[in-house]
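These notes concern the structure reproduced below.
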Amino acid sequence: MLLVPPLSPALADAVAASYRTVRWPETDHETFLAEHAADIVAIVCTNSGAVPARLIDALPRLGIVANHGVGYDNVDLDTALPRGVLVTHTPDVLDDAVAETALALLLAVRRQVVAADRFVREGRWPQGPFPLTDQVAGSTVGILGMGRIGGAVATRLEAFGASVRYHNRRQVPGSRLPYAESPAALAAEVDSLIVVVPGGSSTEGLVDAEVLDALGPDGVLINIARGSVVDQDALIEALEGGRIRGAGLDVFRDEPHVPTTLTEREDVVLLPHVASGTHATRAAMERLTLDNLHAWMRGEPLLTPIPELRDRT
Ligand code: NAP
Ligand code: 8YV
């Protein structure tokens, strides 16, 4: 099996305990493929380990890509699926951790938790009080992407006393939450907007200048989805122009690189793509990744194939 870095040592060791593994090298791919391509039947990867067409095409016996993450925009499905290569991911087990991170970012930006912490550490408190902030209770929050994680975010927001609205391409059957017809319409109706849609070409730049302007000068943007979903240049311009109030970001356009135009700002809270990064959740994701591999090796049904495959497996 081919391990595409970065992978946690725990997952790499667990796969290696059951199967013969090789690790995708940083350089000299031609030599590596000449030696191993004919033997590789499975790939194990995460969202930050790309599985492009040229890699899939180079592996004649490839049968499965097991992705350690619910988002699988790192895998070239247009190449994998027509060839019959199966793809699995890790839905549900990370909903709580990722939803917590969304709330942590929203609370941190609205209550200026990080700026207030700096204020104390830098000895500024004796010179006067920290400015007043805005609370989440009583505010209206929009969820762009009311799926598994979006639903978990909504439950938590309501517990905090916020009103929730959402936009998906289709309304969620039976949902009592108000639906907005477009991302811009949703942004116009809310104080804060939380982005939880999948990445990939269909959502690239979905949150653009129009959506940010609809959110408005008191609005806060939280992105826990993918950096590609938000037009990062438009976001920076909106922050610089005071056209939105602030942002909480777990994901970025060019991870792990974050521009100084963001890192130097006080009105943003920035996390290094850690939304699912708890001990319990990562262990559950590793277990599910491994169980999908075991099922495939035994010829059993996959536990969590990607939706594009569910009718076929
Ligand atoms: P999910 O259950 O499939 O939910 C995604 C939701 O987005 C669905 O309700 C879907 O509804 C909506 N959606 C998809 N495309 C859309 C579009 N173009 N416009 C509007 N809405 C759209 O997925 P999930 O498990 O909640 O995960 C969501 C995403 O979060 C993942 O794909 C991943 O990229 C990201 N994520 C990030 C982290 C992190 O570490 N930061 C961790 C986990 C997940 P419709 O199909 O009706 O449009
Ligand atoms: C990462 C994520 O997978 O699940 C996703 O889509 O983005 C995260 O949970 C995690 O960083 C491990 O790769």
Side-chain angles (χ1 to χ4, degrees), residues 3-12 44-51 66-75 77 87-105 142-155 165-173 175 177 179-187 193-208 211 222-230 248-252 255-256 270-286 288-289 304-308 310:
L3 307 179
V4 174
L7 282 183
S8 71
L11 178 57
V44 185
C45 59
T46 72
N47 77 286
S48 45
V51 180
N67 189 55
H68 175 263
V70 66
Y72 45 91
D73 46 311
N74 53 311
V75 181
L77 297 186
V87 181
T88 63
H89 66 149
T90 61
D92 300 316
V93 295
L94 40 56
D95 295 352
D96 288 340
V98 179
E100 269 181 17
T101 305
L103 265 291
L105 280 172
I143 298 182
L144 179 54
M146 183 61 78
R148 290 172 292 251
I149 298 169
V153 174
T155 304
R165 298 165 172 262
Y166 76 100
H167 169 73
N168 280 357
R169 289 166 300 183
R170 290 167 292 273
Q171 289 196 45
V172 176
S175 174
L177 297 174
Y179 175 76
E181 290 293 339
S182 70
L186 179 64
L193 181 66
I194 301 183
V195 186
V196 211
V197 293
S201 55
S202 65
T203 55
E204 185 154 3
L206 191 65
V207 176
D208 57 10
V211 174
I222 304 298
N223 187 7
I224 51 160
R226 286 288 182 265
S228 59
V229 180
V230 174
L249 308 172
D250 184 50
V251 288
F252 302 87
E255 296 174 12
L270 310 172
L271 300 180
H273 201 146
V274 291
S276 69
T278 68
H279 294 293
T281 291
R282 287 292 169 82
M285 292 166 66
E286 285 160 10
L288 189 49
T289 305
T304 49
I306 61 169
E308 291 83 343
R310 274 181 206 146

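Position 1 is the first residue of the sequence; numbering continues from there. Ligands are counted one by one from 1 in listed order, and the atoms in each one are counted from 1 as well.
The shortest distance between side-chain heavy atoms of Val153 and Leu103 falls below 4.5 Å. Residues Asp96 and Thr281 have side chains not in contact (no heavy-atom distance under 4.5 Å, counting atoms from C-beta outward). Looking at heavy atoms from C-beta onward, Arg226 lies out of side-chain contact with Pro198 at the 4.5 angstrom threshold. Taking 4.5 Å as the limit, every side-chain heavy atom of His68 sits out of range of all side-chain heavy atoms of Pro6. Two residues are said to be in side-chain contact when any heavy atoms from C-beta on lie closer than 4.5 Å; Thr289 and Thr90 meet this criterion. Residues Val51 and Val87 have side chains not in contact (no heavy-atom distance under 4.5 Å, counting atoms from C-beta outward). Proximity of Met146 to Arg170: side-chain heavy atoms (C-beta onward) are nowhere separated by under 4.5 Å. Contact check for Val195 versus Thr203: no side-chain heavy atoms found under the 4.5 Å cut-off.
The backbone N or O of Val172 sits less than 3.5 Å from a side-chain atom of Tyr166, completing a donor-acceptor pair. Distance alone, capped at 3.5 Å, places no donor-acceptor pair between the Asn47 side chain and the Gly69 backbone. In terms of modelled atom types and a separation under 3.5 Å, the side chain of Asp250 and the main chain of Val274 share a donor-acceptor contact.
At the top of the distance list for atom 36 (N) of ligand 1, counting protein heavy atoms only, stands Ile224 O, 3.8 Å. Among all non-hydrogen protein atoms, the one lying nearest atom 4 (O) of ligand 1 is Gly147 CA, 3.3 Å. Taking atom 4 (O) of ligand 2 as the reference point, the nearest protein heavy-atom neighbour is Val70 N, 2.8 Å. Of all protein heavy atoms, the one closest to atom 32 (O) of ligand 1 is Pro198 CA, 3.3 Å. Taking atom 13 (N) of ligand 1 as the reference point, the nearest protein heavy-atom neighbour is Val197 CG1, 3.8 Å. With respect to atom 25 (O) of ligand 1, the closest heavy atom belonging to the protein is Arg148 NE, 2.9 Å. Distance from atom 31 (C) of ligand 1 to its nearest protein heavy atom, with residue and atom name: Val70 CG1, 3.9 Å. Closest to atom 35 (C) of ligand 1 among all protein heavy atoms lies Ala225 O, 3.7 Å. Closest to atom 1 (C) of ligand 2 among all protein heavy atoms lies Asn47 OD1, 3.0 Å.
For the 3.5 Å distance criterion, the side chains of Glu286 and Ser8 qualify, holding a donor opposite an acceptor.
Shown in contact with Thr46 at under 4.0 Å from a heavy atom are these atoms of ligand 2, numbered in order with element: 13 (O). Atom numbering of ligand 1 starts at 1 in the shown order; those under 4.0 Å from a heavy atom of Ala275 are 39 (C), 40 (O), 41 (N). Those atoms of ligand 1 that come under 4.0 Å of a heavy atom in His273, given as number and element, are 39 (C), 40 (O), 41 (N). The contact set between ligand 1 and Gly145, taken as ligand atoms under 4.0 Å from a residue heavy atom, comprises 6 (C), 7 (O), 12 (C). Taking a cut-off of under 4.0 Å to the non-hydrogen atoms of Val98, the atoms of ligand 1 that pass are 42 (C), 43 (C). Atoms of ligand 2 lying under 4.0 Å from at least one heavy atom of Ser276, given by number and element, are 8 (C), 9 (O), 10 (C).
Here the shortest heavy-atom pairing between Leu288 and Pro91 reads CD2-O, 4.0 Å. The shortest heavy-atom contact between Thr46 and Leu7 is CG2-CD2, 3.5 Å.
Proximity annotation for atom 26 (O) of ligand 1: of Leu206, Asn168, Ile149, Ile149 comes nearest, heavy atoms only. Considering each of His167, Arg170, Met146, the one bringing a non-hydrogen atom nearest atom 47 (O) of ligand 1 is Arg170. The residue among Glu255, His273, Arg282, Arg226 with a heavy atom at the shortest distance from atom 10 (C) of ligand 2 is Arg282. Nearest residue to atom 18 (N) of ligand 1 from Val196, Thr203, Asp250, Val153 is Thr203 (criterion: closest heavy atom). Scanning His89, Arg226, Arg169 for the heavy atom closest to atom 15 (N) of ligand 1 points to Arg169.
By the criterion of a heavy-atom distance under 4.0 Å, neither the backbone nor the side chain of His89 is placed next to ligand 2. Contacts of Val251 with ligand 1, taken as heavy-atom pairs under 4.0 Å, involve the side chain alone. Under 4.0 angstrom from ligand 2, the non-hydrogen atoms of Leu94 all belong to its side chain.
At a 3.5 angstrom cut-off on N or O pairs, Gly69 does not count as close to ligand 2. At a 3.5 angstrom cut-off on N or O pairs, His68 counts as close to ligand 2.
The only member of Leu94, Asn67, Val70 that meets side-chain contact (heavy atoms from CB on, under 4.5 Å) when paired with Met285 is Leu94.
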